[in-house]
Asker: 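Below you will find the structure I want to go over with you.
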Amino acid sequence: MDLAPRESQTSWRDFFLKLKERDLRGVEFVVSNDHVGLKKAIAEVLTEAAWLIQGSAKYPKLTNWVDEHIGETLTFYRLPRAHHKHFKSTNLLKRLNEEIKRRTRVVRISPGTESCLRLVRALRVEPHEPWLEDNRYLNMDLLDEQRRERLRQAT
C-alpha cells in the first residue's frame, strides 16, 4: 500500500516498481478496472501478468469492448477452475475502497503522509486477518499444481 498524488501511469508504475524492489515476482494475473494508466503500468512493469476486466454482456457498449479486447477477457481461464468463482466480480475490492474512503472522510485532515498511511493500513488489516485465519480465499497451491502440470505437458 502506498499514497500517490493521482491515479496515473507514473504513479502505478512507481508503485509496482517498489513492490518489485520488495521482491514481488511471479505475478501471472491482475484483476483491475479499465484505467488506462494502470493498464500501461502493468504492461510495462508486470510483463508476465495477464490482465482481465470484469463486466457483463448485458450492455451493448461492454459487448463491443469485449469484441475488441477478447484476449484480455479470456485470460481469466488461465487460472485453476476453483479460482474462477472469485473473479466473477471486483465488488470485494470496490467495497474495501469504499470503506477506506468512508473512514478517511471522518478524519477529514491527516497531519501527514505517515498518519494517513497508518489509518489506511489499520483499515486494511481488519479484513486481512480473517483471510489468514479462516479458509483461504484463493488456494495458491492449486496455481502451483497447475503450473507444474503445464511444465510436465510441455516436456
Side-chain angles (χ1 to χ4, degrees), residues 1-80 83-129 131-132 136-140 142-144 146-147 150:
M1 184 181 73
D2 202 359
L3 294 179
R6 62 190 194 285
E7 192 174 1
S8 66
Q9 178 181 352
T10 304
S11 297
W12 281 112
R13 184 187 65 232
D14 292 347
F15 177 72
F16 292 138
L17 288 172
K18 285 179 190 175
L19 289 176
K20 288 186 101 170
E21 287 172 11
R22 293 178 55 203
D23 205 28
L24 174 71
R25 54 188 157 78
V27 177
E28 295 182 22
F29 198 78
V30 175
V31 176
S32 72
N33 62 16
D34 193 20
H35 186 277
V36 174
L38 176 57
K39 285 180 63 175
K40 287 180 179 178
I42 290 167
E44 182 179 340
V45 179
L46 305 175
T47 55
E48 39 323 299
W51 182 83
L52 166 66
I53 186 171
Q54 296 293 322
S56 168
K58 293 180 182 179
Y59 306 98
K61 286 183 181 178
L62 180 62
T63 305
N64 292 335
W65 184 92
V66 170
D67 287 343
E68 294 172 18
H69 299 88
I70 194 71
E72 294 167 357
T73 305
L74 295 179
T75 57
F76 175 85
Y77 291 102
R78 292 176 54 182
L79 296 175
H83 290 192
H84 292 187
K85 65 182 177 184
H86 298 292
F87 291 100
K88 63 185 174 193
S89 167
T90 56
N91 288 345
L92 186 65
L93 292 172
K94 288 177 185 176
R95 176 68 185 112
L96 175 65
N97 288 333
E98 287 170 6
E99 182 62 13
I100 289 171
K101 185 186 257 183
R102 184 184 73 77
R103 300 276 288 274
T104 53
R105 277 190 186 145
V106 171
V107 174
R108 288 191 179 185
I109 299 174
S110 293
T113 301
E114 287 306 313
S115 64
C116 182
L117 282 172
R118 267 193 307 277
L119 172 63
V120 175
R121 283 183 187 125
L123 296 174
R124 185 59 194 104
V125 167
E126 287 177 29
H128 182 68
E129 287 175 348
W131 283 29
L132 290 175
R136 293 173 95 182
Y137 184 71
L138 293 174
N139 184 344
M140 298 312 285
L142 294 174
L143 193 58
D144 289 337
Q146 178 179 307
R147 189 178 302 120
R150 283 184 183 156

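What's counted below: heavy atoms across the whole structure, side chains too, no hydrogens, waters or symmetry copies.
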Asker: Would you compute the distance between atom CG of Asp2 and atom CZ of Phe16 and round it to the nearest 0.5 angstrom?
Answerer: 12.0 Å
Asker: Rounded at 0.5 Å granularity, tell me how far CD1 in Ile100 sits from CZ in Arg95.
Answerer: 10.5 Å
Asker: Could you give me the CA-CA distance, side-chain angles and deciding distance for His35 and Glu7, then say whether side chain to side chain contact (heavy atoms under 4.5 Å, CB included) is met?
Answerer: CA-CA 9 Å; His35 186 277; Glu7 192 174 1; 3.8 Å; yes
Asker: Could you go step by step and tell me if Gln9 and Glu44 meet the side chain to side chain contact (heavy atoms under 4.5 Å, CB included) rule?
Answerer: CA-CA 10 Å; Gln9 178 181 352; Glu44 182 179 340; 3.2 Å; yes
Asker: Between Arg102 and Glu99, is there a salt bridge with N-O shorter than 4.0 Å?
Answerer: yes
Asker: For Lys20 and Val45, which heavy atoms make the closest approach, and how far apart are they?
Answerer: NZ-O, 3.0 Å
Asker: In chain order, what residues pass the salt bridge (charged side-chain N to carboxylate O under 4.0 Å, His left out) check against Asp14, with sequence neighbours excluded?
Answerer: none
Asker: What's the spacing between Phe29 CZ and Leu143 CG if we round to 0.5 Å?
Answerer: 10.0 Å
Asker: Could you measure the distance from the CD atom of Gln146 to the CG atom of Leu142? Nearest 0.5 Å is fine.
Answerer: 8.5 Å
Asker: For Leu24 and Leu46, work out which heavy atoms get closest and say how close.
Answerer: CD2-CD2, 4.2 Å
Asker: Provide the closest heavy-atom pair for Glu114 versus Arg121 in the form atom of the first, atom of the second, distance.
Answerer: OE1-NH1, 4.4 Å
Asker: Applying side chain to side chain contact (heavy atoms under 4.5 Å, CB included), run through Lys40 and Arg13 and close with a yes or a no.
Answerer: CA-CA 8 Å; Lys40 287 180 179 178; Arg13 184 187 65 232; over 6 Å; no
Asker: So, Ser11 side chain and Arg6 main chain: donor-acceptor pair closer than 3.5 Å or not?
Answerer: yes
